[in-house]
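Below you'll find the structure, written out as structure tokens, and then a few comments.
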2 protein chains.
Amino acid sequence: MARRSQTELAVLGALSMQPMTAYAVRSAIRDVLGHFWSESFGQIYPTLTALERHGMVQGQEAGRSGSSVFSLTHAGQQRLRQLLAEPVVTTPPRNGLLLRLFFGRTTGLAACRDLLITAQADAQQRLHEYEALAEHVATEDADSPDAPYTLITISAGRYTAQATLQWAADALRSLDQLAPTSGGPVPDGSAER
Amino acid sequence: MARRSQTELAVLGALSMQPMTAYAVRSAIRDVLGHFWSESFGQIYPTLTALERHGMVQGQEAGRSGSSVFSLTHAGQQRLRQLLAEPVVTTPPRNGLLLRLFFGRTTGLAACRDLLITAQADAQQRLHEYEALAEHVATEDADSPDAPYTLITISAGRYTAQATLQWAADALRSLDQLAPTSGGPVPDGSAER
DNA sequence: ACGAGCATGTAAGACGTTACATGATTAG
DNA sequence: CTAATCATGTAACGTCTTACATGCTCGT
């Protein structure tokens, strides 16, 4: 699946939950899918325009300000099904944190500890967010047919955050064993020249 | 940090471990950093050329075929430190699996089960790879000063894979509870027109 | 009246992948 | 000798982000 159709998929999916304006699509992708998906602002409008041209969605003027509410057409429904059935596209990994830890010898123990502690705090934060979110969905939207699927994606976030917490604690322990007291960066050899 | 300097960072980092040819840099990024980092082929050569122009690396002809082995200059060392010290850049998330599960109501229970089972198998596979890798590093390169840091990144992969396994099992259970017997996609309304 | 948020777009430029093109070396 | 791998690049194309530009509406 080409990369562009990933944006198409997200937009069609958002509209499949309920008709909304382009602006609302953007908000929904940011707020609802935000934990595992992102689309940049400048992608959504052109994509919606193209989808309308191909008859996948149709806009309906609403209110006096000329904002148009888009909804899926039947062709759009089918297109969504088709895209969902295509194999999952995995983006090439780019984990800046692990890259820095990998080259940790150059920056030294202390810098690595800082990175890990920050990662731990971030994961803890996310864990709280996921738990609040899961609770909210389980109580408010419990009867929605989408709820079980939403909960599964939230659960993925929770497991990942928990794994990060455990890993970071583990890694910090291993660094402590390495050199309990000090840990500056390796000398840079400036004096040698 | 601009996105380009991420490539710079990976290339400088690779060369900080040992001098090598552009081709070897590419192989190292693919094979060694592969679990958490990727650079496309077409980026590495231009980046190396630019780095040489700026005096960050210097190439030395080796062998009769004119292949040049690059090594970090002092300026390159400093540049690497500087880049490593900059805040971690997080790429916007794009998890195609979770996107599909989120819209699971449209594709139906069976499709979601398939996705989860595949994800489980993939995670299991990765877990084995990480364990083999960790064992290899712990025995072969145990005395390398880079070994502790390498092991931390491998550990991250292990924790993540394990979390995926648990999450998928959990999710499969919750889907089973939802409808133990059937689970086709929602009707698409074709007949209604 | 004014600021926050709703709403719609465009354009430039950075970023990245893929395919193409070419040749040397080495293991089987 | 021949296939795989090492080795070096370029060019085209597609993708994505960011910044800019503009105006409305609603609450305070």
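Numbers restart at 1 for each chain; the letters A, B, ... are given by sequence-line order, proteins then strands.
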* Would you say the side-chain atoms of Asn95(A) pair up with the backbone N or O of Leu98(A), donor to acceptor, closer than 3.5 Å? -> yes

* Asked: Between Glu8(A) (CD) and dC16(D) (C1'), how many Å, whole number?
  -> 16 Å

* Asked: Starting at CG of Leu48(A) and ending at P of dT8(C), how long is that distance when rounded to a whole Å?
  -> 9 Å

* Taking 4.0 angstrom as the limit, do Arg30(B) and Glu39(B) come out as a salt bridge? -> no

* Take atom OH of Tyr45(B) and atom P of dT17(C), then tell me their distance rounded to the nearest Å. => 16 Å

* Under 4.0 angstrom, heavy atoms only, what part of the nucleic acid is Ser68(B) near: base, sugar-phosphate, or nothing? -> sugar-phosphate

* Structure fact -> Result for 5'-nearest mapping on DNA chain D, choosing between Pro92(B) and Gly42(B), is Gly42(B)

* To do: Would you confirm whether Ser27(A), through its side chain, and Tyr23(A), through its main-chain N or O, come within 3.5 Å as a donor-acceptor pair?
  => yes

* Asked: Within the structure, does a side-chain N or O atom of Ser40(B) lie under 4.0 Å from either OP1 or OP2 of dG16(C)?
  -> no

* Please report, rounded to the nearest Å, how far the C1' atom of dA11(D) is from the CD atom of Gln43(B). => 14 Å

* To do: Would you mind reading off the distance between Gln6(A) atom CD and dC16(D) atom P, rounded to a whole angstrom?
  => 8 Å

* Asked: Please give, in whole Å, the distance from dT10(D) P to Phe41(B) CZ?
  -> 12 Å

* Which sits closer to the 5' end of DNA chain D, Glu39(A) or Phe70(B), going by the nucleotide each is nearest to? -> Phe70(B)

* Distance-minimising heavy-atom pair for Pro87(B) and Arg100(A) -> O-NH2, 3.5 Å

* May I ask you to evaluate whether Arg94(A) reaches the phosphate of dG16(C), defined as a side-chain N or O under 4.0 Å from OP1 or OP2? => yes

* Short N-O contact, Arg173(A) and Asp176(A), less than 4.0 angstrom -> no

* Would you classify Ser27(B) as touching base, sugar-phosphate or nothing, given that sugar-phosphate means primed atoms plus P, OP1 and OP2, and contacts are heavy atoms under 4.0 Å? => nothing

* To do: Verify the contact: side-chain N or O of Tyr23(B) to OP1 or OP2 of dC6(D), cut-off strictly under 4.0 Å; return yes or no.
  => yes

* Provide, to the nearest angstrom, the distance between the CG atom belonging to Leu51(B) and the P atom belonging to dG9(D). => 14 Å

* **For atom CD1 of Ile44(B) and atom P of dT10(D), their distance in whole Å** => 15 Å

